[in-house]
K.L.:
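Dumping the structure here so I can ask a few things about it.
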Amino acid sequence: MDKTASPLSNAASSDEKVVDIRKLWTVFGQGERAFAIHQDLDMAVYRGEILTLVGGSGTGKSVLLRQMLGLLQPAKGEVLIMGQPVRELSLRGAASRIGMLFQQGALFSAFNVLENIAFPLSEQGTLPKDVVRDAAMVKLQMVGLKPEHATRMPSDLSGGMIKRVALARSLIMDPPLLLLDEPTAGLDPNSSDEFCDLLKDLHGELGLTVVMVTHDLDTLFALSTRVAVLAEKKVIVSGTPAEVVQFKHPFIEHFFLGERGRRAMAPMALGGVKE
């Protein structure tokens, strides 16, 4: 199975590796209590695609996102971001290359919406305040929020609005790589569909490369160019969603071919994809 793009991909994918993970070992604990959750894991993410990571509990999906951010160093192996070892990137360097949308939004409760969006750019300390404010306002409107939302506090926002503000913040540095940790978790079905539509539009407009962790099958089928399945401490298979569901493995059969999976895959069975 390869990285063949699905019709969902508006941004043209290429053979260029934005993320290249080689022989990765992730080990927690020390001495006799040490245990590995990844062993000789290989994975590549290609420019312009949306790669979704799935796997059972404890397979290290979110841990891989932390490895890409440089927040966790591998015990062995290498993580390259656009050809550069992530361990060599400073925090500022990583911020300009990687945007991160955390599961619960992770907004600063003492900052208003615009201050939250502007925070990564403000912390750089290289641009005048009015330029930073204008850039944050552009991103606020890019995610479908209105100027009057700029002064609201996080406590005054709905779950869907929190996700949009967090997404705007993740894009403030115009990063080529975007990491999404359960982007639709906690949203009602209508808000989830709207957020998927927004992500799909931004992916195409900005030419983003996206790595996503999700348990939500509707989100997976709505957005994924390619799926990578974590099991047995490595990536056991990667390919388009239609290809992956054909791979014989207990997790895949349980995750994709149970009642929820069959319901989410119904649009594919009808010969199309979810628009």
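Numbering of residues begins at 1 and proceeds along the displayed sequence.
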K.L.:
Under the criterion side-chain contact (heavy atoms from CB on, under 4.5 Å), which of L199, D216, T214 is the partner of L223?
P.N.:
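Going through the options one by one, the only one that passes is L199.
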K.L.:
Give a yes or no on whether L80 and Y46 share a hydrophobic cluster (residues Ile, Leu, Val, Met, Phe, Trp, Tyr; joining criterion: side-chain heavy atoms under 4.5 Å apart).
P.N.:
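No, L80 and Y46 fall in different hydrophobic clusters.
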K.L.:
For a quick check under 3.5 Å, do Q67 and H38 share a side-chain donor-acceptor pair by atom type?
P.N.:
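No.
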K.L.:
Roughly how far, to the nearest 0.5 Å, is CZ of R169 from CG of L101?
P.N.:
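Rounded to the nearest 0.5 Å, the CG-CZ separation comes out at 8.5 Å.
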K.L.:
Testing V19, V18, V45 for side-chain contact (heavy atoms from CB on, under 4.5 Å) with L51, which one passes?
P.N.:
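Of V19, V18, V45, side-chain contact (heavy atoms from CB on, under 4.5 Å) with L51 is met by V45 alone.
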K.L.:
Set out, in order, the CA-CA distance, both residues' side-chain angles and the distance that settles side-chain hydrogen bond (donor to acceptor under 3.5 Å, both in side chains) for T184 and T219, then state yes or no.
P.N.:
CA-CA 7 Å; T184 56; T219 299; 2.8 Å; yes
K.L.:
Do you reckon M137 sits in the same ILVMFWY cluster as M153, going by side-chain contacts under 4.5 Å, direct or chained?
P.N.:
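In one cluster: no.
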K.L.:
Is the ring pair F119/F111 parallel, tilted or perpendicular, if the boundaries are 30 and 60 degrees?
P.N.:
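Ring orientation of F119 relative to F111: tilted.
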K.L.:
Working to the nearest 0.5 Å, report the span between CG of L167 and CZ of F195.
P.N.:
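Rounded to the nearest 0.5 Å, the CG-CZ separation comes to 4.5 Å.
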K.L.:
Fit a plane to each ring of F35 and F28, take the angle between them on a 0 to 90° scale, and name the class: parallel (under 30°), tilted (30 to 60°) or perpendicular (over 60°).
P.N.:
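Because their plane-to-plane angle lies in the 30° to 60° range, the rings of F35 and F28 count as tilted.
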K.L.:
Look at D42 together with R22 and state whether they make a salt bridge at an N to O cut-off of under 4.0 Å.
P.N.:
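Salt bridge flag = no for R22 with D42.
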K.L.:
Between OG1 of T26 and NZ of K76, what distance do you get to the nearest 0.5 Å?
P.N.:
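One finds 12.0 Å between OG1 of T26 and NZ of K76.
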